[in-house]
Amino acid sequence: MSEERSLNFLEQIIEEDIANGVNDGRVLTRFPPEPNGYLHIGHAKSICLNFGLAKKYGGQTNLRFDDTNPVTEDTEYVESIKADIQWLGFQWAQELYASDYFEQIYNFAVQLIKKGLAYVDDSTPEEIAASKGTPTQIGTPTPYRSRSIEENLDLFERMKNGEFKDGEKVLRAKIETEQFEEGSPERSNMHMRDPLMYRIKHAHHHRTGDKWCIYPMYDFAHGQSDSIEGITHSICTLEFIPHRALYNWFIAQLGIFPSRQYEFARLNLTYTVMSKRKLLQLVNEKHVSGWDDPRMPTISGLRRRGFTPASIREFCERIGVQKRENVIDVSLLEFLVRDELNKTANRVMAVLDPVKLVITDYPDDKVEEMTADNNPEDPASGTRTILFSKTLYIEREDFMEEPPKKFFRLGPGLVVRLKNAYIIKGESFDKDENGNITTIYATHYPESKSGGDTSGLNVKGTIHWVSAAHAKTAEVRLYDRLFNTPDPGNEEGDFKSYINPDSLTVIPNALIEPSLVDAKPGDKLQFLRKGYFTVDPDSTAEKMVFNRTVTLKDTWAKEAKK
RNA sequence: UGUCCUAUAGUAUAAUGGUAGUACAACUGAUUUUGGUUCAGUUUGUCUAGGUUCGAAUCCUGGUAGGACAACCA
């Protein structure tokens with residue numbers, strides 16, 4: 001599989017650790033989502049990394065929900081996150097929750113208070129912010145910083161017992177900025193300025209219910225959870241770099257298992273946004289139908305759009321992992337899903353924008369059975385029978401009244417092959433009062449039938465079709481990029497003003513070949529010459545619904561633009 | 001006007017002191033009963049200025065540029 005691929009920086013770190021016997025060569029990672037939203041493709045990168053690295057080095061990965069803020073979290077998200085991870089093809093060693101450790105983390109806090117390394121502060125958020133100083137100027141203690149250990153112990157217990165209201169008191173670490181040398185990273189690190197460890201929130205927690213009214217902050221929960229589980233490599237994104245000093249400080253003061261934190265650059269994708277806040281806005285303001293709208297970069301959205309777990313995993317593999325900010329071209333993801341579907345998706349014929357075609361020299365009531373390959377890339381996929389008759393429908397764009405030289409399709413006097421059937425020659429057409437073509441008339445070459453062509457004709461173009469009498473109708477949803485600018489999150493003004501107005505085109509009455517009636521939600525197909533499609537969960541036997549995953553590469557579209 | 005992180009084709013990613021390579025994108029051409037696939041080929045790159053070295057994308061120094069950090073979010 002990964003023969004001679006060079007090591008990324010995380011693999012190098014791990015291999016060095018193993019070589020040096022760190023943790024006896026044990027590798028245990030974790031994927032730590034907060035259950036307050038749906039997973040997106042950026043999370044997929046983290047999932048593939050954490051699970052992939054552990055697997056590669058004979059280790060395991062825990063799924064740990066970082067549920068320390070009951071106000072925003074919910075079991076609904078827990079379920080979707082678990083489903084998405086498994087759909088991607090990964091299985092965690094243990095399903096854990098930071099809230100499982102609330103008792104232990106509370107005891108850690110008591111320990112630090114006893115060491116004189118934490119204190120209860122009654123200041124307001126504004127006062128606390130002011131007390132932290134600035135990166136260039138060290139902070140000034142609040143009046144509560146000098147409380148005795150006994151008083152802190154008492155107050156912290158009473159915080160836990162619910163004697164105070166939300167926001168009335170917090171527990172802060174006590175870190176002397178003066179001990180750090182002038183110009184040292186620690187001295188100018190704002191996260192080291194007596195960071196908050198606990199705050200009061202009289203809120204119902206999705207797992208612990210009303211047992212607690214104080215909750216640890218990220219910095220006093222994440223590293224502690226890592227340590228409790230014996231996580232060896234705690235991999236997170238770049239914005240946590242300044243937290244690392246604190247991460248290590250708490251672990252050192254507590255004298256607990258030394259998990260190590262490493263940071264990588266999060267994934268950005270062109271033509272979409274990735275922040276939870278922005279995605280939530282798109283959902284709440286109904287710019288999309290929900291978290292699983294096929295235009296969303298969420299795992300559930302990509303799934304509904306027709307992307308496969310393998311293509312997403314391969315994508316995460318190919319983009320690599322680094323510490324520099326990056327914006328990956330979404331065309332790579334599209335390339336990879338085409339690459340997979342080309343080998344696995346059966347070909348079928350569907351006409352999205354039908355115009356009637358009559359083969360004038362074909363018998364009125366004759367119906368012929370034609371044989372079609374299901375997938376020329378996969379001989380094992382076999383063949384199927386499709387029905388041909390005098391009256392057909394073809395794609396409106398496949399006929400031109402006055403075709404240019406390079407137009408290899410149908411027009412007056414032009415010959416073209418009907419896929420899996422006959423070569424025909426365009427003869428004439430009818431127009432309505434608005435100038436729209438209503439019916440095209442053509443003649444056929446009987447000896448050019450697919451499979452037994454003795455006509456000796458050589459045509460440049462092949463078009464798809466359905467038989468008018470046999471075709472079924474279906475709804476087809478054509479999805480395109482959600483935004484019309486590569487980096488909507490960083491453009492001037494509201495990112496929502498860059499939403500692509502044509503990101504969804506619904507075709508209520510496309511015509512599909514009858515074999516499609518057996519397709520089930522999630523099935524992947526190639527509509528010949530039109531793209532890869534999947535059956536939407538909305539689909540029913542009465543009204544089938546297909547989502548376009550991605551178009552085929554279309555060199556004609558480029559040529560036509562010239 | 002502090003500290004930290006980063007800097008290789010359009011976008012990503014290799015080269016770990018010794019020929020700057022790969023993928024996507026773009027462009028040619030061949031093949032093709034999908035203007036798909038496949039195949040062959042082309043264009044485009046080491047942020048900058050010094051230094052070390054026989055030799056620097058790589059090591060050192062200074063600059064420049066981009067990003068992060070001062071939520072009772074994670």
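First the proteins, then the strands, lettered A, B, ... as listed; each starts at 1. Note that the structure is a prediction, hence the values are computed from the model and not measured.
A:Ser450 contributes a side-chain N or O that forms a donor-acceptor pair with the base of B:rU33 under 3.5 Å. Side-chain N/O atoms of A:Gln322 and base N/O atoms of B:rU6 include no donor-acceptor pair closer than 3.5 Å. Donor-acceptor pairing under 3.5 Å, judged by distance alone, is present between the side chain of A:His243 and the base of B:rA74. Between the side chain of A:Arg409 and the base of B:rG35 there is at least one donor-acceptor pair of N/O atoms closer than 3.5 Å. No hydrogens or angles were tested; on distance alone, nothing pairs the side chain of A:Arg529 with the base of B:rU34 as donor and acceptor under 3.5 Å. Put simply, the side chain of A:Glu239 and the base of B:rG67 share no donor and acceptor less than 3.5 Å apart.
Residue-to-nucleotide proximity on RNA chain B shows that, of A:Asn189 and A:Thr555, the 5′-proximal contact is made by A:Thr555. In terms of position along RNA chain B, the nucleotide closest to A:Thr270 lies nearer the 5' end than the nucleotide closest to the other residue of the pair A:Thr270 and A:Lys530.
Nucleic acid contact for A:Glu34: sugar-phosphate only, since backbone atoms but no base atoms lie under 4.0 Å from a heavy atom of the residue. At a threshold of 4.0 angstrom between heavy atoms, the contacts of A:Gly451 include nucleobase atoms, whether or not backbone atoms are also involved. A:Pro125 comes within 4.0 angstrom of a nucleotide base, judged by non-hydrogen atoms across all strands. Within 4.0 Å of A:Asp453, counting heavy atoms only, lies no atom of the nucleic acid at all. Heavy atoms of A:Ile328 sit under 4.0 angstrom from primed sugar atoms or phosphate atoms, though from no base atom. In this structure, A:Arg347 reaches the bases: a heavy-atom distance under 4.0 Å links it to at least one base atom across the strands shown. Backbone-only engagement by A:Arg318 is indicated by non-hydrogen atom pairs under 4.0 Å involving sugar-phosphate atoms exclusively. If you check every strand for non-hydrogen atoms under 4.0 Å, A:Phe240 touches a base. Base contact: A:Leu7 has a heavy atom under 4.0 Å from a base atom. Counting any heavy atom pair closer than 4.0 Å across all strands shown, A:Pro33 reaches no nucleic acid atom. Looking at heavy-atom distances under 4.0 Å, A:Glu186 makes no contact with the nucleic acid at all. Within 4.0 Å (heavy atoms only), A:Phe65 reaches no atom of the nucleic acid at all. Nucleic acid contact class of A:Gly461 (heavy atoms, under 4.0 Å, all strands): none.
Atom P of B:rU46 sits at a distance of 13 Å from the matching atom of B:rU58, rounded to the whole Å. A gap of 15 Å separates the C1' atoms of B:rA23 and B:rU8, to the nearest Å.
Taking atom CG of A:Asn268 as the reference point, atom P of B:rU6 lies 17 Å away to the nearest angstrom. Counting to the nearest Å, the P atom of B:rA74 and the CZ atom of A:Arg64 are 13 Å from each other. As a whole-Å value, the separation of A:Phe335 CZ from B:rA12 C1' is 14 Å. For A:Gln137 and B:rC69, the CD to C1' distance is 17 Å, given to the nearest whole Å. Atom CD of A:Gln224 is separated from atom P of B:rA74 by 13 Å (rounded to the nearest Å). The CG-P distance, from A:Leu418 to B:rU34, rounds to 13 Å in whole Å. Atom CZ in A:Arg187 sits roughly 11 Å away from atom C1' in B:rG2 (whole-Å rounding). Atom pair A:Leu552:CG and B:rU33:P shows a separation of 17 Å (rounding to whole Å applied).
Comparing B:rG35, B:rC72, B:rG2 against the side chain of A:Val170 picks out B:rC72 as the nearest. Closest approach to the A:Asn342 side chain among B:rU37, B:rA7, B:rA70 is made by B:rU37 (side chain taken as heavy atoms from C-beta onward). With B:rA70, B:rA14, B:rU34 as the candidates, the nucleotide lying closest to the side chain of A:Thr134 is B:rA70. Residue A:Arg324 has its side chain nearest to B:rU8 when only B:rU8, B:rC24, B:rA74 are considered. For A:Glu377, taking side-chain heavy atoms from C-beta onward, the closest of the listed nucleotides B:rG2, B:rA74, B:rG36 is B:rG36. With B:rC4, B:rU11, B:rU34 as the choices, the nucleotide that has an atom nearest any side-chain atom of A:Pro185 turns out to be B:rC4. Set against B:rU34, B:rA74, B:rU6, the side chain of A:Lys323 has B:rU6 as its closest nucleotide. Comparing B:rU34, B:rC69, B:rG10 against the side chain of A:Asp329 picks out B:rG10 as the nearest. In this structure, the nucleotide among B:rC24, B:rU33, B:rG36 sitting nearest to the side chain of A:Leu332 is B:rC24. Side chain of A:Tyr218, nearest nucleotide from B:rA74, B:rU34, B:rC72: B:rA74.
Base pairing annotation: B:rG63 forms a Watson-Crick or G-U wobble pair with B:rC47, both donor-acceptor distances under 3.5 Å. The partner of B:rG35, taking Watson-Crick or G-U wobble pairs whose two distances both stay under 3.5 Å, does not exist in any strand shown. With both pairing distances under 3.5 Å, B:rA12 is matched to B:rU22 as a Watson-Crick or G-U wobble pair. Nucleotide B:rA40 has B:rU28 as its partner under the Watson-Crick or G-U criteria, with both atom distances under 3.5 Å. Nucleotide B:rA70 forms no Watson-Crick or G-U wobble pair with any nucleotide shown, as no partner meets the under 3.5 Å limit on both distances.
Taking 4.0 angstrom as the limit, A:Thr68 places none of its side-chain polar atoms (N or O) nearer than this to OP1 or OP2 of B:rC73. At least one side-chain nitrogen or oxygen of A:Arg199 sits closer than 4.0 Å to the OP1 or OP2 atom of B:rA74. Between A:Lys558 and B:rC27 there is a side-chain N or O to OP1 or OP2 distance below 4.0 Å.
A donor and an acceptor atom, one from each side chain of A:Thr383 and A:Asp373, are nowhere located under 3.5 Å apart. A donor and an acceptor atom, one from each side chain of A:Glu491 and A:Thr485, are located under 3.5 Å apart. With no hydrogens or angles considered, a side-chain donor-acceptor pair links A:Glu229 and A:Asn62 at under 3.5 Å. With hydrogens and angles left out, the side-chain atoms of A:Glu340 and A:Thr308 include a donor and acceptor closer than 3.5 Å. Judged purely by distance below 3.5 Å, without hydrogens or angles, the side chains of A:Glu368 and A:Tyr422 pair a donor atom with an acceptor atom. Residues A:Asp66 and A:Tyr97 bring no donor and acceptor atom of their side chains to less than 3.5 Å of each other. Side-chain atoms of A:Asn490 and A:Asp487 form a donor-acceptor pair, as typed in the model, at a separation below 3.5 Å. Side-chain polar atoms of A:Arg30 and A:Ser259 form no donor-acceptor pair below 3.5 angstrom.
Look at A:Trp556 and the base of B:rG35; the rings stack, centres closer than 5.5 Å and planes less than 30° apart.
Side-chain contact between A:Ile235 and A:Leu53 is present, with at least one heavy-atom pair separated by less than 4.5 Å.
Surrounding CZ of A:Arg207 are more than 12 heavy atoms belonging to other residues, nucleotides or ligands, all under 6.0 Å away.
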